There are 2 protein chains.
Amino acid sequence: MPRPGPRLRLVDVAERAGVSLATASRALAGREGVSEEVADRVRQVSRELGYVANPYARTLAGGASSTVGLIVHQIDDPYFSEIASGVLELAAEEGLLVQIAHSGRDPDHELRQLRHLIAQRVGIILIAGSGYDDQRMETEARTELAEFQRAGGRVAVVGRHSLGVDAVLPDNEAGGRAIGAHLLELGHRRIAVAAGIPGLTTVADRLTGVAAALAEHGLTLDELPVVHSDFTRDGGRIAAEQILREHPESTAIIALNDAMAIGVLSALRAHRVPVPERMSVAGFDDVSVAADLAPSLTTVRLPMTQMGRMALGLALKPRTTRPRRRSTGQTLVVRDSTGPAPQN
Amino acid sequence: MPRPGPRLRLVDVAERAGVSLATASRALAGREGVSEEVADRVRQVSRELGYVANPYARTLAGGASSTVGLIVHQIDDPYFSEIASGVLELAAEEGLLVQIAHSGRDPDHELRQLRHLIAQRVGIILIAGSGYDDQRMETEARTELAEFQRAGGRVAVVGRHSLGVDAVLPDNEAGGRAIGAHLLELGHRRIAVAAGIPGLTTVADRLTGVAAALAEHGLTLDELPVVHSDFTRDGGRIAAEQILREHPESTAIIALNDAMAIGVLSALRAHRVPVPERMSVAGFDDVSVAADLAPSLTTVRLPMTQMGRMALGLALKPRTTRPRRRSTGQTLVVRDSTGPAPQN
DNA sequence: CTGAAAGCGCTAACAG
DNA sequence: CTGTTAGCGCTTTCAG
């Protein structure tokens, strides 16, 4: 197996192949202007020697950086770690490196991370996670990204952002509609929603979907308790406590992501509220543990790993004049946490 | 807020501060040989302009690379995503970038990733996850890393590896002993173990701990069923199926990590085996969902996020002649999945 | 189609 | 203490 010597340079490869530095560079980059024969020989030698280009030199000289910057809200949230996993998979196949940065669900911090990645001259920037209803931030980010793209950088996002870039769009609205319809069909009318912090487009879109389902049954969201708190397990717990306290007549809780649903289940267990006999619970995302909770969680499945691949895939293609959009699809997964509305 | 212009170079800062390029470089790097007064002025100007050094140029010129390469088995495994989260935290505080790569629990692939990171000239390499009982692989990796360190690179690992580098050592043996003792105290004697694939040092160490606890009660591991399968949820499910089939008299199952424990619980639920009344189940790691399973999982808590920080912390300190070792400590967390052994 | 030479932006000797 | 200068390894004109 070729051992990449620590100080093997392109000149060495060139010399050994009996060509000039420039030719070797062209051959390895697959650029034209080299005869097939020579190009083959160079590639052959390069492989034999186990040559790996120095990315610092390459980038400095003007070649595009082959590293991908990925911004996630929080890497230890399963939603994001599954997306990251998809990105890492495809990146490995393409020989790209992935730098990961946290945004912590803070628009300002996200902007700072974004600038940092740009300053670091990554070639591709991927932003996973919800957009924000924060005009100022989105505008600044948009400007920053436009400049980055003008300099040849590629950008893609997962989720609805108004950044004018390629996007992978989870079917949040359709999912919300599906989960709402499911509960309504089971006879639930007093439905409470444990929603993430307002200002996240993901929260808004999922709510819109739920509202649409309600509308078909002559209900509106305004009549129902919608409790906003952190888009995390703890947020779910807190929301559930509040719902039990202020709206004890509820027969179902829709959590707008699985992390919150887990918190909701935990709070209900603490209060000895039987699920689903007394209260149905539904989540969103279908993170991998959703099936292993007890009761197992009814939720909307989003193909997270696939979404990570799709985002990088978009960024890898040449830029088009109009930003592309790819929908992910969604599937309602009915498990044991939802059941018929109690009669009383 | 200073907008880092895309083409702001160190010369620009130097000019503006009225000093030479070299002085500006020294001032910003905090190297000595510059009067406090001048250094302050340079830093001031740099901040005003929003200057960010080009890492490619810096690294190429011989400065240490400020990027960290992190190798994990699988980023969407909570154990690793929590470690990664700790690394990202500290890295952000230190202004470092983190590149993450998957090893997929395959020694050869891990070696390949390692070489890739070295070829990419990262400054620090962190390997999280178990070492392997694979002499050849460890030897090759050791050689590779020795050369990397000779060239100024820093390395730290999480877990027991025979790589001769700084290490953060989870208290696997003590944890194994604690969980074993816990079950024995509850009266269990027919204990089965759902172990990860052999060849992982983590599996070996946790087993050793369990064996030590058994020894105090005059038992040995040889008398008990130890089923090896993947160190994942599916592996746990498969192991539990086999235990139920071949050793139905068992009253407790120790899974050597929480992922497997989740699989075990899932299999038991499918077979309608009540936990803990008929079968106790214990895990290892205390990933964040462990508390939210039903029944909530008795497990050994390891401070994963902290471990990530510790590993990077070690790598950030200058290298010592003898590799350092830091133990993590562990805590037995007793929840609802374990109970007294059934009498019959 | 191929080679020579000029940088990319920075750090690190080497002078003063 | 400060400035000058030579590269780091690669890509990219510009000649041939």
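Computed from a prediction, not measured in an experiment: that's the story for all the values here. Reminder, nothing fancy here: chain letters follow the sequence lines and each chain counts from 1.
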Given D:dT4, D:dG9, C:dC10, the nucleotide with the shortest approach to the side chain of B:Ser20: D:dT4
Toward the 5' end of DNA chain D, by each residue's nearest nucleotide, B:Ala57 or B:Val38: B:Val38
Candidates C:dC10, D:dT2, C:dG9 - which lies nearest the side chain of A:Leu60: C:dG9
Value in whole Å for how far the P atom of D:dG3 lies from CG of B:Leu10: 13 Å
Sugar-phosphate, base or nothing in reach of B:Ser35, heavy atoms under 4.0 Å: sugar-phosphate
Atom-to-atom span, CG of B:Leu21 to P of C:dC10 - whole angstrom: 8 Å
Given DNA chain D, 5'-ward residue of the pair A:Asn54 and B:Ala39, judged by closest heavy atom: B:Ala39
Spacing between A:Tyr51 atom OH and D:dC10 atom P, to the nearest angstrom: 3 Å
A:Ser130 and A:Thr201 side chains, donor-acceptor separation under 3.5 Å: yes
Gap between atoms CZ and P, on A:Arg9 and D:dG7 respectively (whole Å): 13 Å
From D:dG3, C:dG9, D:dT11, nucleotide with atom closest to A:Ala61 side chain: D:dT11
Distance in angstrom units between B:Leu8 CG and C:dC8 P, rounded: 15 Å
Protein-nucleotide distance (A:Glu36, atom CD; C:dC1, atom C1'), rounded to Å: 13 Å
d(CD, B:Glu15; P, C:dC10) in whole Å: 13 Å
Side-chain-base donor-acceptor pair under 3.5 Å for B:Arg26 and D:dG3: yes
Rounded distance in Å - CG (B:Asp12) to P (C:dC8): 12 Å
Verdict with supporting geometry, A:Glu138 and A:Ser162, side-chain hydrogen bond (donor to acceptor under 3.5 Å, both in side chains): CA-CA 7 Å; A:Glu138 295 262 304; A:Ser162 53; 2.8 Å; yes
Nearest non-hydrogen partners of A:Val34 and A:Ala27, listed with the distance: CG2-N, 4.2 Å
A:Thr23 side-chain proximity, nearest of D:dG3, D:dC10, C:dT2: C:dT2
Ion pair check, B:Asp77 and B:Arg105, cut-off under 4.0 Å: yes
For the student: nearest non-hydrogen atoms of A:Phe148 and A:Val155, plus distance: CD2-CG2, 3.6 Å
